[in-house]
Amino acid sequence: MLKRIDLRRDYLRHKEEYLAAIQAVCEETAFSGGKFADQFDLEFARYCQVPYAAGVNNGTTALHCAMMALGIGAGDEVIVPANTYIATAWGVTYTGAVPVFVDCTEDTWEIDPDKIEEKITDRTRAIIGVHLYGQPFEFNRVKDIADRHGLYVVEDCAQAHGATYEGRLAGSLGELGCFSFYPGKNLYAFGEGGSVTCHNKAYYDKITTIKNQGCQVRYYHDIIGYNYRLEGIQGAVLSVGLKYLPEWTARRREIGRRYLSEINNPLLTMQAHPENTDPVFHLFVITTKDPDDFIAYMEAKGMECNKHYPVPCHLQKAYEGLGYQAGDCPNAEYLAAHCVTLPLFPEMTDEETRMVIQACNAYSYTIQGKQR
Ligand SMILES: *Cc1c(COP(=O)(O)O)cnc(C)c1O
């Protein structure tokens, strides 16, 4: 069975290096924050071409920190795409502010700049754009709208390590960039991890204080803080991964580009990738009339697929209280009802890539994977 993603292959390939990195942390007992986490912050900032990166314990807290760094709180609204992983909205909700969901476009499946302005009120403070599936959102248009209304733009880069928009890296475009290193993300920890990137030292100082119990001098707590520190072992593992990230990204792009050019079944629709972007194919999502049928068909052929994401944010039960209804974000709802994610990860072989392409092209509508 070809898995949708198989992390074990990377672990086995670089096992010695990973275990040596973990051992080095143990030798120095630098377990929480500390030398290895700090070293990774420097390397990751350099990678993203920004002066600052603050490592945190996951991508969700990265988003929470970004909102807090901007002073967003109760009474505020933040624009968030309806088509994203739910954690984009959690960061807003944790501060007491309200996420306001905006539909995605029909073809890129990213936040639709044409639908942002109608959602802006005098409470709106920021727009979080998500580079979903590794495809940069239309940053310049979002930024223009934000500038006209005096709003911040925050990037959710959890799926977009190394992606570029007009030659500029994800995480270097907006006021703050929020990354996740959850296992399976393009750069991943052996557990949980995240980072917030920025150009502004004041944000960096605020985030490093917040994530460290609100203190800069030990046991003197100047603001209400959190324990959001990155673990030393994760920092060390991430430094190993970061060395290979350019190679992984090149391979993801190679496979992604092959899917785009070689899958030509009219029953399957692919995401649009505008010319001014270079996506990193975190997830290769397609839409099809009957996703469960397609998933069963692929499974019968030995290939695992899944769905990102079956319910759009505005219709999640947790946000019932916000009063959204089916029909409010039709493109995001269509996507949720029709999406399938194909296997794609850097260690996939050419033969496996060919197998996926061939199966996709041979697909005709079946009943739960069984040919009629
Ligand atoms: C993974 C992800 C997050 C959350 O990151 P965690 O590290 O899992 O907390 C946020 N936003 C998006 C778009 C993600 O894919």
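Indexing begins at 1, ligand by ligand and atom by atom, following the structure's order.
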Do the rings of Tyr188 and Tyr18 sit parallel, tilted or perpendicular, given the 30° and 60° boundaries? tilted

Give every pair made of an N or O atom of ligand 1 and a protein N or O atom lying under 3.5 Å apart, one pair per line with both atom names and the distance to 0.1 Å, or write 'none'.
unit_1   : atom_1 : unit_2 : atom_2 : d
ligand 1 : 5 (O)  : Ser180 : OG     : 3.2
ligand 1 : 7 (O)  : Gly59  : N      : 2.7
ligand 1 : 7 (O)  : Ser180 : OG     : 2.6
ligand 1 : 9 (O)  : Asn58  : OD1    : 3.4
ligand 1 : 9 (O)  : Gly59  : N      : 3.3
ligand 1 : 9 (O)  : Thr60  : N      : 2.9
ligand 1 : 9 (O)  : Thr60  : OG1    : 2.5
ligand 1 : 11 (N) : Asp156 : OD1    : 3.4
ligand 1 : 11 (N) : Asp156 : OD2    : 2.8
ligand 1 : 15 (O) : Gln159 : NE2    : 2.8
ligand 1 : 15 (O) : Lys185 : NZ     : 3.0

Can you name the closest pair of heavy atoms from Thr249 and His161 and give their distance? OG1-O, 4.3 Å

Are Phe44 and Phe179, when compared by the centres of their aromatic rings, separated by less than 6.0 Å? yes

Could you tell me if Tyr203 and Glu175 have a donor-acceptor pair between their side chains, going purely by distance under 3.5 Å? yes

Do we see a donor-acceptor contact under 3.5 Å between the side chains of Tyr226 and Asn212? no

Check residues 93-100 and write down every donor-acceptor pair under 3.5 Å in which the side-chain atom is one partner and the other belongs to a residue at least two apart or another chain.
unit_1 : atom_1 : unit_2 : atom_2 : d
Thr93  : OG1    : Ala89  : O      : 3.3
Thr93  : OG1    : Tyr319 : OH     : 2.5
Thr95  : OG1    : Val92  : O      : 2.7
Thr95  : OG1    : Ala97  : N      : 3.2

